[in-house]
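These notes are about the structure you will find just below.
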Amino acid sequence: MGHGRWTTEAQDNWLEARIPTYLETHDNTELAKDFLTNTLSDFLAWWPMDVPNAADIAAVDSDYKKAKDKNKEKMRRRLYNWFYCMLRNTMPTSNSEGILDLTPKRSGKLLNYQAYLKVKKDELAPIIQSRYKDYKDSLAVGEEAVAFIKFQGDVAKELLAQETDEVKTEVEAFRSQNAPQDDPLTVDAMKV
């Protein structure tokens, strides 16, 4: 659940008028820092901060100046976050174009039993389904069955271990053939 707005309508309007300047400066660290410092000063000229209360002062070893500086830094972060939150979905960043990336990510190499299930799916499907039905029928009343996907993986591992070297070689060839390539798009896409 989000927090309520800390700005008034007048403050929002005042800050919104500075968005074009923010957009011009946000890519340059020094200019962005200057923009934020100037915006903070101007903001506080219109809407001065409250005087630190006793709790604020006590939190910084009873030093009034430290308490005032701490409140000013809090306001600086609020202003930074205001601009960030207002523009986060519209501004391009170094690794995006301002839109949600919904392209599918390539996964790693299949495990042996996963490749085995793909290579021998027509032969294995009836066996696994039959075994799962028998397994569920053998459960005691109230006993919970393992998920089919886990059962399928366990049976596939068991059956693969019993296969000939020829089938195991075929499975390994399928794994290698279907492994993701180290092309720049794939490598960059996985560095999220």
Side-chain angles (χ1 to χ4, degrees), residues 1-7 12 15-16 19 22-23 25-29 32-33 36 73-74 76-192:
M1 180 180 229
H3 297 285
R5 295 187 69 87
W6 63 270
T7 54
D12 273 339
L15 289 167
E16 285 172 7
I19 288 175
Y22 174 78
L23 292 172
T25 63
H26 84 279
D27 281 335
N28 182 314
T29 305
K33 205 181 283 186
L36 194 55
E73 182 55 32
K74 183 178 177 183
R76 180 184 182 85
R77 277 180 293 178
R78 278 184 161 181
L79 288 173
Y80 170 81
N81 288 333
W82 186 93
F83 283 102
Y84 174 78
C85 289
M86 290 298 153
L87 302 169
R88 69 178 162 208
N89 293 330
T90 60
M91 289 178 28
T93 61
S94 60
N95 63 353
S96 75
E97 294 178 359
I99 57 173
L100 183 59
D101 179 13
L102 297 176
T103 55
K105 306 295 185 251
R106 294 197 52 182
S107 59
K109 196 174 187 180
L110 292 174
L111 298 173
N112 286 341
Y113 77 91
Q114 293 171 324
Y116 179 58
L117 284 167
K118 287 187 178 280
V119 169
K120 299 289 186 179
K121 69 180 172 187
D122 293 335
E123 298 165 35
L124 295 175
I127 296 169
I128 293 171
Q129 288 170 354
S130 172
R131 281 196 185 183
Y132 190 67
K133 183 184 178 310
D134 293 345
Y135 160 73
K136 285 182 72 173
D137 290 344
S138 71
L139 291 174
V141 175
E143 190 177 355
E144 199 168 318
V146 298
F148 178 77
I149 192 100
K150 180 178 179 353
F151 185 87
Q152 177 184 29
D154 292 343
V155 172
K157 289 174 193 173
E158 174 192 326
L159 294 175
L160 179 60
Q162 298 169 8
E163 286 287 358
T164 64
D165 288 341
E166 183 179 309
V167 171
K168 291 177 183 175
T169 303
E170 181 183 357
V171 167
E172 190 55 42
F174 180 84
R175 284 182 73 214
S176 298
Q177 177 185 1
N178 291 293
Q181 303 300 313
D182 285 338
D183 62 23
L185 293 176
T186 303
V187 172
D188 288 344
M190 288 195 274
K191 293 180 184 172
V192 176

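Every value quoted in this text rests on a predicted model; they were computed, and no experiment measured them.
Residue Y80 places its OH atom among 12 or fewer non-hydrogen atoms of other residues, nucleotides or ligands, all under 6.0 Å distant. More than 12 non-hydrogen atoms from other residues, nucleotides or ligands lie less than 6.0 angstrom from CD of Q162. Atom NZ of K33 sits in a sparse spot, with 12 or fewer heavy atoms from other residues, nucleotides or ligands closer than 6.0 Å.
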Practice problem: Give the C-alpha distance, both sets of side-chain angles, the deciding distance and a yes or no for side chain to side chain contact (heavy atoms under 4.5 Å, CB included) between I128 and L117. | Solution: CA-CA 10 Å; I128 293 171; L117 284 167; 3.6 Å; yes
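When the side chain to side chain donor-acceptor pair (under 3.5 Å) test is applied to T169, no partner is found at least two apart in sequence or on another chain. R78 is linked by a side chain to side chain donor-acceptor pair (under 3.5 Å) to nothing, counting only residues two or more places apart in sequence or in another chain. Residues satisfying the salt bridge (Lys or Arg N to Asp or Glu O under 4.0 Å) test with E158, not counting sequence neighbours, are R131. In this structure K121 satisfies the salt bridge (Lys or Arg N to Asp or Glu O under 4.0 Å) test with no other residue, sequence neighbours excluded. In this structure, the side chain to side chain donor-acceptor pair (under 3.5 Å) partners of E172, at least two apart in sequence or on a different chain, are R175.
Sequence neighbours left out, the pairs with a member in residues 134-145 that pass salt bridge (Lys or Arg N to Asp or Glu O under 4.0 Å) are K133-D137.
In this structure a side-chain-to-backbone donor-acceptor pair under 3.5 Å is missing from S176 to A173. Judged purely by atom type and a 3.5 angstrom limit, Y113 has no side-chain atom pairing as donor or acceptor with the backbone of Q152. Distance alone, capped at 3.5 Å, places no donor-acceptor pair between the Q129 side chain and the P126 backbone.
When all heavy atoms of N112 and V171 are compared, the closest pair comes out as O-CG1, 3.5 Å. Between K120 and V167, the shortest heavy-atom contact is CE-CG1, 4.0 Å. What you find for Y116 and L124 is that their closest heavy atoms are CE2-CD1, 3.5 Å.
Taking CD of E170 as the start and CG of D165 as the end, the distance is 13.0 Å to the nearest 0.5 Å. Here the straight-line distance linking atom CG of D154 with atom OH of Y132 works out to 11.5 Å at 0.5 Å rounding. Atom CZ of R77 and atom CG of N81 lie 8.5 Å apart (nearest 0.5 Å). Taken to the nearest 0.5 Å, the CZ atom of R76 stands 4.0 Å off from the CG atom of L36.
The aromatic rings of Y22 and F83 sit parallel, their planes meeting at an angle under 30°, below the 60° perpendicular limit.
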